[in-house]
Every structure is written in C-alpha cells, then in structure tokens.
Student: 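First the structure, which I've put down as structure tokens, then a few questions once you've had a look.
A note on names: the letters A, B, ... follow the listed sequences, proteins ahead of strands, and every chain is numbered from 1. Values below: every heavy atom of this structure, side chains too, minus hydrogens, waters and symmetry copies.
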Amino acid sequence: MSHVDGRRHFVWGVVGALCVATRVHAQGAPPAAHEDTAFDVMNVLSDHGLHDLDHENWNLYGQTTYISSWHPSFAAPYTNANGSVNSLLPAPEWSFTDSFTVFLAVRLWPGAEAYFVPEVISERAFSGLHGIGGAIQNFELQKTGSVTPQVYMSRAYIRQNIDLGGKLIEHTSQPTQLGRKVKSRRLVLTLGNFSVLDFFDRSSVAWDPRQTFFNMAFMTYASWDFNADARGYTWGGIAELDWDEWSMRIARTASPQNPNVLPIDFRIWEYYGDQVELQHDHVLFGQPGAVRLLGYRNNVNAGRFADAINTFAHDPTKNAAGCAAAGLYNYGSGNVTAPDLCWVRKENDKIGLGINIEQHVTKDLGVFARWMTSDGQTEVDAYNPADRSFAFGATMKGGLWRRPFDVAGTGVALSWISSIHAQYLAMGGVDGFVGDGHLRQGAEGVVEGFYSFNLFKALWLSADYQFMWNPGFNQDRGPLHIFGVRAHAEF
Amino acid sequence: MAVATVVLHGTRAAAQQAQGFNVERFYPSAPGAGWFVMDDLDIHGDVGGAMQVTAAYDRDPLLVGSGASRLAVVSDRAFANFGGSMWYKRWRFYLNFDLPAVVYGSSGVVGGYTFTAPNVDPTTLPDPVGDVRLGTDMRVFGDPHGPFRFGIGAQVFYPSGRSQDYDTDGTFHAMFRALFAGNTDHFTYAAHIGTHLRWFDESQTPGSPKGSELLYGIAAGPIMPIGTSSWALVVGPEIYGATALRAFFSPTSTALEGLLSARLEGTRDDTIQIRIKLGAGVGNGQFGAPEWRVLTSIEIFNHNHVEHAP
C-alpha cells in the first residue's frame, strides 16, 4: 500500500471510528428495526424537538463497517493446476473490507420519495476473490474494490407509493425509508439504481449482514444469480403490491455487459433479469414469520457449459489459453487443455426458483431456512457460481442475558453445482470465481457462528468463526478454518 | 462517440504522457445557498436543511494548444451534482457528490505532451463519483435578510473518480472563502473571494493546474415577487473564476465565466420550499472554463424557523 493509500485508509478509518449510532442496512439487506433509544443523527434531532420521526420529509443516516478475516493454511494437493487461475491459495491469507455509506432520503411530492446512497469501499479478498463458490466468507467482498478506497453511487432511485386502502401501518424512520404511516394495501413503483436485494428476499431473522452473519451464503440464496454489476447494484424498475399480509414484487433489471463486470448493458429490453417474489407474512403461536417464493429468469450475455465443452471437443485450439489472443472476454486462464466460456458467450437464459421460510420462536430468537435451485446450465453472471443452495440458521438477540442489543447467531450453508458445470470444471475450465484445474465434485459447505457485542447502542464489535469444506466445490481441497472480526458503527 | 487523434506541436515519440486532473471549474454553492455559485448567506432558523440536484453540460472545458489547431482534450462534459446540507442558526454543513455522466474528448500530442481522451458514459461506468466535497459556512454578522452579511466558508474535497477521465486531481484539496451578501426588498447580491489550496501542479503541461489558486466571483439581480404569492423570481448574472497564484491573472492560467441565471423560489420560512434554477453562460475557454455551459438545478429546503417564546 502506498503512502497516499495508507493516508486515505487512515482517514476513512478515523471517520469510521468517530461514527456512533444505531440501525442501518447494508447492501441488499433489510434494515435493523428502528430503535427509539438509538443514538443517531435523526434521533438526536428528534430528542431536541427539531425533527419529527413519524412524519419525515427527509432523513440522513450513515454506517461504517470494518471486517477482517484470516485463514491458516489448509490441505490442497494441487492449486491452479495446468495454468488455471481460480484456486483459493492454501497458504495463510488475510482479507479485509472497510465500507462507509451515507443514506439520504427526501420526500418529493405526495407519495413520492427520492433516495441517494453514496458509498466507499476498500477491500482485499482472499486469493483475489477466487476459489470459493457460494460461501465467500465476507458478504462485502462482492463490491469489487481495491485497497485504495473507492467512492461510488450505490443507489439513486425514486419510489412512488399509491395507497389502495386497508389499515394504517407505521413505517419507521431508517436508512432508505422515511418515517410515516402507509396503508396496508398499496402499490409501490421504484425506478432507478439499486440492489435487487434492497427489495427482494428481505429477511427479518438474518437481517442486516453488517450486524449478523459475515458469510455471503446467509445474505440471500447463494444460487440466486440476481442481475447486478460487479458491485451488486443495477438499474431497473420494480413494482410491488402489498395487500395486507400478502406481497408480490416483480422487477426488471439491467445486466452487466459481460459476466461479473462493472459496465452495465442498458439495453434492458434485450438483456435483462426478471424476478418475481410472492410473500406471505403470518403469526404462528403469537410470533411473526414469513414465507417467500422467488423465481428469476436472466436473459444475458453468458456462456453455457455444454457449449464450451462441445466447442473445445470439436476444435481444441478454442481452449482457455486462446481467449485473450482472440480478444474475447475471459478470466485469464492459461490452461491449453481446458474449455472456456469465452468462445460461446451469447444471449442465454438462466432460471431459478427458491423458497425462504423464517419464523420467530420468541421475541429475541428467530430461525430461517432458504433453498433455491437454478438450471445450472449457464455461467455465473453476477453473484456467485452455485447452482443449488440451502441454508438454515438462527439468530438471537441478547435480551436473555440482559444485553438486548447484542446478537448471536449460527447457521449452516450448502451449495452445489450441476453435473455439466462440474464436468466443465473437471476439464480445467474456469468461471468468474472457481476452477482449480481439476475437480472432485462435492458440495461446498460452511458452518458459521458469530457474536456481536454492542457498545453505546451504536457500535458493534463482532467475533466470527467459519468452518468451510470443499471450497470451490472441490473435495480435493480443504477443509479450512476462517476467523473474523468486525467493527460496525451507525449514525 | 468517435475519438479523434490529433498530433500538434510535437512528435509522439518524444512526448510525455499528460496527467489527468479535475477539469471542472463550476463549484456549486452549498445546497440552499441560492445562487449557482455564490452564497446568499441566508443561514438562519433552527435546524433546517436542503437537498439539491444540479445537472450541467460543459462544452470544451479543456482546450490545449493555440489558434486553429487547439485540441479539445475534454470536449463534452455532462454531470450531475447531488448535495445535502443542514444548518442551525448561523452555521451550515454540507456534503456534495459530483457524478460525471458523460466525459468525452480527443487524444493527441500538444507541446510535447500526449493527451489521452477521457471516455466516460453510463455503459462503461454505471456508478461514477468524482471528488466528494465536505463543507461548512458561517454567517459571521449581518441580518439574514439585511443589506449586508459577511460570512466565511471552508470546503475539503476528498479525491474520488479517475484522473484519466479529468474527474479528480487524485489528491485532497480545499477551499477557504470570505463571503459577502445582502438584499433589500427588490434586490439581492452576493460575492466571494478566497483561495483554493490545490497541490496538483503540472505547470509545464498545457492546460494543467498550476498549484493553488485565487477564487473570485460576484452575482446580483432583482427580486421579483410573483403577484401576491409566496414565490419570487430572481434573475441576474453570476461572474466567477479562478487564477493560479503563481501566474496571477496570466491569460492561460485564469478561468473566467459569466452565467445568466434565473431562479424561481419559495420565500416562506415556516414550511418546505422549492427553488428551481436555470442558467446558461460562456467562459474564456482557458484553465478549465468551458466555451459555454448550460445548467439547471432543483432544491428542496426548509429554514424551519420557529418563533420561540421570549
């Protein structure tokens, strides 16, 4: 890291250390519940009679999060075999992310709200973010950055709420939500730049990943290849119909120009991601819960594994090492004996279906389970390469031991790839994240446990342990232990 | 867009690569500050705030060389600027984000330096953010609606974006300004003078910054109430610019722009108000001042003035 880089890093670190308060939501994850006792900008103004949290015309929140992860060496009979480039390195490695986000919201006209969310990310991934499939150990690593902090616009969108009747329900003041009362039956239209996860698959058990699980496998379905640029955001429109305990959401979003890159293809009528989610909220034994069904279909510029294998079989010169010379977008593999998706990228479909069930068992304890299957024929376009995934776990607030703002949690996540995907990797192929040169197919799994210790109702210090097996869906590699710490502040 | 390649005044073989920098000379006033660039110092009331979106287009903000063979390194720049401010009594704090949308130009060699054209558009960079500005202003004395107000302001710019796209110097920089403003029932004016502490100094490179600069500007215009409503129209020129301290007002290190602006604004103190601004202007085509620019802005602000019991 250069001197200038170090200085910038230090400045952001100081900013982060000075930030205090509560509640924020991270990329794509739902915000933590509003706490009237929180110490943040809006609550301080409200406490002094200078802001009405229940009838807001504007609000401003912020957060900063630092996550550090380390893994000791692990067993691996081969790494980046035959010129492949996507192995998780078996030597000890350190990784970090540091993010800083400002959430601005303003009411424009009756029912209309505008949101603007700039963000800064600084990060270093294990092995250049290679070698782990559906269970990347730190969810913030999806944001594609470098050690030098980078500022970008994460969200800029407008929402129009159209009341359709029903009872009044309260929307509390929080990041990307103005405090106000709305009708339980309403249509909400959203247009602009956002993360699909801001609106879909919003769990109230494994909520803000900046307070709960570190691992990306618990943030949403690991095998949901939702459309996004390389930072997890995209452009598009969403229509959401809320009808008392039922909700239905549909979205069309723009896709990256090539898989896992930042530039977006704005030809949204030609290349797109569509998703539909049906949600039912219920009360079981006096405790809230929800069931969500989600389906998606991407129509994007991506390669199919079977096409890559067949192309290589018919013409071995169309191998992974030849992509760069042919001027085709590729992941840098130098394996002359392997097929590559670069030769076969074209307009292709990818579909998937998932279900998410969550249930509060007590006021403080909640459990959840997510399962999704995708067709497994096409490469990862935006999220991660898993083709099927299942995760379950529980989170618990510390009311029982008189630490109501503390959070503990544990969970298990498994992800699989399809047989054709496995065949492609076994031949030495690579996709955006995995490909060791060889493969003995297995389910990639992780068990995670964490504890978040709250200070001043505004700062969380967390310790985390993850045990991961079959990284990159490869039984030949691992298992490995990952240790993590996190400092998270909200203001 | 096609990017032309021009070779002027030198040979490519011997040329050095010119560094990019923040070419923009439009430094918007703080959200809620009235004018496009000047500050009306109308900072009063309890906790109030403003949000502002400005959209602008600059034509030829970076021309290097001379005569008919000038190279438009940056020929087109369209951007949005989003900001929010909060104020309390005499103080204002604000945060602004520069969001370049389109930056195009031409590559070429001038004066022994190779200039590489910027290339920014939403398809290549969907989420760009240029330098981030954090600022504070204070109305030191003068009634918020009186004929003379004096204030001071400071801004710090955090480097963001890509210097090769002429969005940033790649270093921190800061501005310190003395602010003057006042108004009567039918006339308003504002002015500033200050310094831009800028560490980027490529004095030998044509068109490049030459270190720290002097800032200056003045604006004035009539206030025209709209009938008996609580709206008013303010029309007036804003003239502003910057010159390098080490080459004080030399033609190639001085930027000067004139902007004719009109703004329609709500004048009530006790509720949320809107201000809509339109502007068009010309520059001297030097040191980052464009040949011409057009811009528009919309602000939502609330002075939240509460009459307290004595």
Student: Could you check whether B:Ser212 and B:Arg198, counting side-chain N and O atoms only, form a donor-acceptor pair closer than 3.5 Å?
Tutor: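 Absent: no donor and acceptor within the cut-off.
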Student: Heavy-atom cut-off 4.5 Å, strictly under: side chain, backbone, both or neither for A:Ala105 against chain B?
Tutor: backbone
Student: Check the orientation of A:Tyr383 and A:Phe226. Use parallel for under 30°, tilted for 30 to 60°, and perpendicular for over 60°.
Tutor: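 A:Tyr383 vs A:Phe226 ring planes: tilted.
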Student: Heavy atoms, side chains only, cut-off 4.5 Å: are A:Asn193 and A:Tyr157 in contact?
Tutor: no
Student: Which atoms of B:Thr123 come close to chain A, meaning under 4.5 Å heavy atom to heavy atom: side chain ones, backbone ones, both, or neither?
Tutor: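 Interface part for B:Thr123: both.
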Student: Count the heavy-atom pairs under 4.5 Å between each of A:Val102, A:Leu45, A:Leu60 and chain B, then report the option with the highest count.
Tutor: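 Top count of heavy-atom pairs under 4.5 Å with chain B: A:Leu45.
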Student: So which of A:Pro263, A:Ala254, A:Pro256 has the biggest tally of heavy-atom pairs under 4.5 Å with chain B?
Tutor: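 Most pairs with chain B among the choices: A:Pro263.
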Student: State, yes or no, whether a side-chain contact exists between A:Val300 and A:Asp265 at a heavy-atom distance under 4.5 Å.
Tutor: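 No, too far: nothing below the 4.5 Å cut-off.
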